[in-house]
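Accompanying notes for the structure given below.
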Amino acid sequence: MAGELAPSPMLSDALVILGAAGIVIPVFARFRITPIIGFILIGIAVGPYGLGSLVPQIPWLAHITITDPEGLTPFADFGIILLLFAIGLELSFNRLWQLRRLVFGLGALELLIIGSSLAAFLGMVNGQAWTGALALGFALAFSSTAIVLPISGTKTPVGRAALSMLLFEDIMIVPIVFILGAMAPHAQDAGWSGMVDTLWQGGLVVAALLVLGRIALPRLFAQAARTKSPELFLAASLLVVIGASLATAATGLSPIVGALIAGLLIAETEYHAEVETIMDPFKGLALGVFLITVGMSINLITIWENLGPIMLAVVGVLVFKAIVTGILLRLMGARRGTSAETGVLMASPSETTLIVLAAASSALLIDAETAQFWQIVTAIGLTVTPLLARLGRVIARRVEPVPELAQVEVDEPRTIIVGAGRVGRLVADMLAKHNKPYVTIDSDPDLIERAKREGYRAAFGDAARGDALSRLGIETAPAVVLTMDEPVLAQRLVAKLRAAHPDLLIVARARDPEHAAALYRAGASHAVPETLEATLQLSEAVLVDIGVAMGPVIASIHEKRDEFREQLERDGQLDFRPKLRTSSADS
């Protein structure tokens, strides 16, 4: 019929993925479960080994299954590229330089020891040829960047350790794939010369990116910012990450190297926060596609038929990698809890394992049946990674217990400070100076340990969950001070506290006036925008030092505060004017 819209397979698959995202993310968030598991389960269900296998008998299932699994591969690869780009945005060159000992020390040791040990074991037990054993050993030594880092982050001790090892693994992908090609039975010296060519050509491209990026990127994003067009800003961001990825891929290097460099370069500019915000939804959706492709590779029937060997291989790889990684971290000075948690989290194989297995199979180093077996092992390992993260946290608390909240006695009403970081400790110092009792709560055991060591009264716990604040005596607390630099969490906690305690004094740290307005709407008694106060203090210092009299300076500071008070009253839709002045300013 003319004018009838016939959905293409690509459009149908896109609807399935978007529908899956619309179901998985809110449902799993409701139960506080990482959506990683949900996306993998969706992949199992809608893939060729799930409902897709029933399409010949039940044709209408084609509308809710993936019809072209291979067509999703570029989008899955793009998700990993955007992840490495986001990692670069968080790092910056200075932070990467600070991690150099971990990256090239811990990372190199972890990959070398695990890869060679697994290769030796597989060669002896399975009778695998030494070339195939090396391929399998180093393939299984990789850990998943795409799944581990969204779970661990990059700022905690566990996240920093995981990031350093994963960065080294990402760097080593290309040399390992080239070496496998050179070891192929049909390979000649061209394999080694090809690797040398790739390395020097890639080195030139990386150097060119570093030079051009420092010159061109600030100008590019400044121009995009002047237009005040979010679309142009997004286009500029995609241009940079895709261009850098293609540049490194053209020389034979992995495109994720270019993506990481692009992120590092933008992190040095003043626009990195805006770029990170605007790219985050695309990264999340593309990573969701990647996780769906992982699920689609899992054949439950094949797993059932070979359940014993597969489970033995999965458990063996996970336990061995966890033990080796944990011991290496401990030898390099990491705490017991950090070593244990990181070791368990890094235990599963990686999406890179699938790449190395494919390269080894095409080079005839391993047969197709062996490659399929270890692909299934890898897919299962990727699926259970979020569960490993939880197991790692449990083990970490067993090997290095953190004081429970019950050990902090509620002997008198005291102010509760949520967050034991720099700002929280400063608030505690001021309360202690004026003999006001307080207690600090934080869910980061490292911060709590440091606070206790420095003499602060602190307790481990998550203020957003359970009865943590009740056990600290919130019913009698004169005030709660929120100091964490997490805007969304702060707003939710303010709303929760206000609903449960209508008369409680809630003082919250805000990033800027807009965030302060949102906190007032949520129920905060006072919200202090740190950017505003810092700016006013800087202005006061420079005006006084360049010769302006103190009286007019103080008056202008008061006027500026009043302007922000009016703005907060409007933006927050408040029936009162927020107080932004300090006591000294009011006097």
Side-chain angles (χ1 to χ4, degrees), residues 32 155-157 335 337-338 393-394 396-398 400-511 515-516 519-520 522-528 530 533 579 582-583:
R32 292 190 174 94
K155 297 180 180 179
T156 64
R335 293 171 42 246
T338 301
R393 285 191 286 269
V394 171
R397 291 177 185 177
R398 291 289 181 88
E400 190 175 12
V402 178
E404 297 293 336
L405 288 179
Q407 298 177 4
V408 181
E409 298 178 359
V410 183
D411 49 7
E412 59 181 331
R414 68 268 181 97
T415 298
I416 299 175
I417 304 171
V418 180
R422 171 183 53 84
V423 178
R425 293 196 299 273
L426 181 58
V427 173
D429 288 337
M430 297 304 296
L431 288 169
K433 184 176 181 64
H434 294 278
N435 298 317
K436 296 296 183 181
Y438 72 88
V439 64
T440 299
I441 180 174
D442 202 296
S443 58
D444 187 335
D446 295 306
L447 286 178
I448 291 298
E449 181 184 358
R450 175 182 175 183
K452 284 178 171 291
R453 190 167 55 245
E454 294 178 359
Y456 294 95
R457 194 170 190 184
F460 173 81
D462 189 345
R465 297 185 182 180
D467 60 347
L469 294 180
S470 296
R471 293 163 68 182
L472 289 179
I474 192 172
E475 288 76 12
T476 60
V480 171
V481 185
L482 308 183
T483 68
M484 62 278 203
D485 186 20
E486 300 179 55
V488 175
L489 177 60
Q491 288 171 230
R492 291 176 180 171
L493 189 53
V494 165
K496 178 181 177 181
L497 290 172
R498 181 56 68 212
H501 307 280
D503 299 324
L504 179 66
L505 174 63
I506 305 173
V507 182
R509 169 190 180 186
R511 281 191 173 180
H515 185 215
L519 289 170
Y520 277 118
S525 307
H526 299 288
V528 182
E530 57 184 0
E533 291 303 319
K579 180 180 178 180
T582 62
S583 58

Heavy-atom check, side chain of Thr415 versus side chain of Val481, under 4.5 Å:
yes
Measure the shortest side-chain to side-chain distance between Leu431 and Asp429 over non-hydrogen atoms and say whether it is less than 4.5 angstrom.
no
I need the full list of side chain to side chain donor-acceptor pair (under 3.5 Å) pairs touching residues 433-442, with sequence neighbours left out, sorted by first then second residue.
none
Partners of Ala522 by side-chain contact (heavy atoms from CB on, under 4.5 Å), sequence neighbours excluded?
Val494, Ala495
The criterion is salt bridge (charged side-chain N to carboxylate O under 4.0 Å, His left out); which residues satisfy it with Arg393, sequence neighbours excluded?
none
Heavy-atom closest contact (Gly473 atom, Ile416 atom, distance)
C-CD1, 4.4 Å
For Thr338, enumerate each residue passing the side-chain hydrogen bond (donor to acceptor under 3.5 Å, both in side chains) test, keeping only those at least two apart in sequence or located in another chain.
Arg335
With sequence neighbours excluded, residues passing side-chain hydrogen bond (donor to acceptor under 3.5 Å, both in side chains) with Arg492:
none
I need the Leu482 CG to Ile506 CD1 distance, nearest 0.5 Å.
7.0 Å
Would a 4.5 Å heavy-atom cut-off, applied to side chains only, mark Val507 and Val427 as touching?
no
Decide yes or no for Thr483 and Ile417: does some side-chain heavy atom of the first lie under 4.5 Å from some side-chain heavy atom of the second?
yes
Rounded to the nearest 0.5 Å, how far does CD1 of Ile441 lie from CZ of Arg457?
13.5 Å
Taking all atoms of both residues into account, what is the closest heavy-atom pair of Pro437 and Pro413, and its distance?
CG-O, 3.3 Å
Between side-chain atoms of residues 497-505 and protein atoms elsewhere (two or more places apart, or another chain), which donor-acceptor pairs fall under 3.5 Å?
| residue | atom | partner | partner atom | Å |
| --- | --- | --- | --- | --- |
| Arg498 | NE | Gly523 | O | 2.8 |
| Arg498 | NH1 | His501 | O | 3.1 |
| Arg498 | NH1 | Pro502 | O | 2.9 |
| Arg498 | NH1 | Leu504 | O | 2.8 |
| Arg498 | NH2 | Leu504 | O | 3.0 |
| Arg498 | NH2 | Gly523 | O | 2.9 |
| Arg498 | NH2 | Ser525 | OG | 3.1 |

Scanning both residues in full, the closest heavy-atom pair of Ala463 with Leu493 reads O-CD1, 3.6 Å
Give the minimum heavy-atom separation between Arg414 and Leu472, together with the two atoms involved.
NE-O, 3.4 Å
